A.B. asks: 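My structure is below; once you've seen it, I'll send some questions.
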Amino acid sequence: MSNQRVLPVDQRFFNDGAWYVLSSTSLGNSGLEPGQIVDQLQGGVEAIQQLIAEGICLPLFFPGDCALDQVVVVLGDLTPEQEREWLGRIQSYLHIPCGELMLLGGGGCEEDWEVAIHHATPPNPHLFNFQKFTIPPGDYLVEVYAFLGSMNFNFQLEEIPRKQWQQWFHLQDKTKAEQPDWFKFLLANDYIDSEKFGLQEYIIRLSPLQEIPPLPVLDEEIAWCGYYQFRQPEHCPRGISRTQLLVQSSEADL
């Protein structure tokens, strides 16, 4: 059995934008004020790299809106299935001495930081743009994994010539009838619909820090983290069932 806690984001969480920040309620004991965080996040590459290098926060940028609105946080090990299935990854480091991981939608507004820092849950039910997860205090390796059906992987497919898709997915020896339904949909639509096939797009994994990883690559224009380390799977992926993952979370609460 995997040593894993599954912590889904609240179904009310909503971020109508492409920007998210992973941080902590204590801002890594940095002593920074919300206004200072915003200034650095809107600064140049060096300012943002300093925030990342000190484990204060991890700013994430996606090629579209709402990418992490159904994300699941995993504390501990990936399951063998999750380890086999991930297609892209961002790695960084977070210092969380307060024991509260914070996911904030946006990150460019000082008021949003003020509210998130001083409240356990969003006080405005119509603006549910942050969530906190209680975890043991400490230093963490934080990894954002992209799976089959994720927005980032759908964009990555554009880099793989269409005529190579069957080989890339290890389906060259399969008949059309043997191909998975998501692949048939891909051939017809040029993307994989995670909602149609019940797929979990992203998992954020936290594990005790053993060694600080290299700084993640920043987007050249945005200067936030948007580049994933993609890999070709060893076998045809099946995707991660969102329903099964949420059932695992419910069972852990019993």
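Note that the coordinates shown come from a computational prediction; the quantities given were computed from them, not determined experimentally. One-based numbering along the sequence shown.
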A.B. asks: Indicate yes or no for a side-chain donor-acceptor contact from D112 to the backbone of A116 under 3.5 Å, with no hydrogens or angles considered.
C.D. replies: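 Not confirmed, D112 side chain does not pair with A116 backbone.
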A.B. asks: Test your reading of the model: is there a side-chain donor-acceptor pair from Q164 to the backbone of P161, 3.5 Å cut-off?
C.D. replies: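 No, Q164 side chain to P161 backbone: no donor-acceptor pair under 3.5 Å.
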A.B. asks: Counting only N and O atoms by type, is there a donor-acceptor contact under 3.5 Å from the side chain of K196 to the main-chain atoms of W182?
C.D. replies: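 Between the backbone of W182 and the side chain of K196 there is no qualifying donor-acceptor contact (under 3.5 Å).
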A.B. asks: When you measure from the side chain of R231 to the backbone N and O of W86, does any donor-acceptor pair fall under 3.5 Å?
C.D. replies: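 Judged by distance alone, yes, a pair lies under 3.5 Å.
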A.B. asks: Show every salt bridge (charged side-chain N to carboxylate O under 4.0 Å, His left out) that has at least one partner inside residues 205-226, sequence neighbours left out.
C.D. replies: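 Listed by first then second residue: D77-R205, E143-R205.
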A.B. asks: Is it true that D190 and R162 make a salt bridge, defined as a side-chain N closer than 4.0 Å to a carboxylate O?
C.D. replies: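 Salt bridge present between D190 and R162.
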A.B. asks: Could you check whether any side-chain heavy atom of L22 comes within less than 4.5 Å of a side-chain heavy atom of S92, counting everything from C-beta outward?
C.D. replies: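 Sidechains of S92 and L22: no contact.
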A.B. asks: Quickly, which of E85, R242, Q244 forms a side-chain hydrogen bond (donor to acceptor under 3.5 Å, both in side chains) with Q200? Name it, please.
C.D. replies: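 Going through E85, R242, Q244 one by one, the side-chain hydrogen bond (donor to acceptor under 3.5 Å, both in side chains) with Q200 is satisfied by R242 alone.
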A.B. asks: Would you say the side-chain atoms of Q91 pair up with the backbone N or O of P214, donor to acceptor, closer than 3.5 Å?
C.D. replies: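 Pair absent, no side-chain N/O of Q91 close to backbone of P214.
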A.B. asks: What do the steps show when you test Y228 against F153 for ring pair (Phe, Tyr, Trp, His ring centres under 6.0 Å), and what is the final call?
C.D. replies: CA-CA 9 Å; Y228 283 72; F153 183 67; over 10 Å; no
A.B. asks: Counting only heavy atoms from other residues, nucleotides and ligands, does the tally under 6.0 Å from CD of Q70 exceed 12?
C.D. replies: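 Count not over threshold, so no.
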A.B. asks: Please check if atom CD in Q11 has more than 12 non-hydrogen atoms from other residues, nucleotides or ligands closer than 6.0 Å.
C.D. replies: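 Count not over threshold, so no.
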A.B. asks: Between W165, Y191, W168, which is the residue that forms a side chain to side chain contact (heavy atoms under 4.5 Å, CB included) with L157?
C.D. replies: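 Going through W165, Y191, W168 one by one, the side chain to side chain contact (heavy atoms under 4.5 Å, CB included) with L157 is satisfied by W165 alone.
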A.B. asks: When you compare the side chain of I203 with that of L245, does any pair of heavy atoms fall below 4.5 Å?
C.D. replies: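 SC-SC contact between L245 and I203 confirmed.
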A.B. asks: Report yes if the distance between the aromatic ring centroids of Y202 and F62 is under 6.0 Å, otherwise no.
C.D. replies: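 Yes, ring centres under 6.0 Å apart.
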A.B. asks: Are V73 and V9 side-chain neighbours, meaning at least one heavy-atom pair lies under 4.5 Å?
C.D. replies: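 Counting from C-beta outward, V73 and V9 never come under 4.5 Å.
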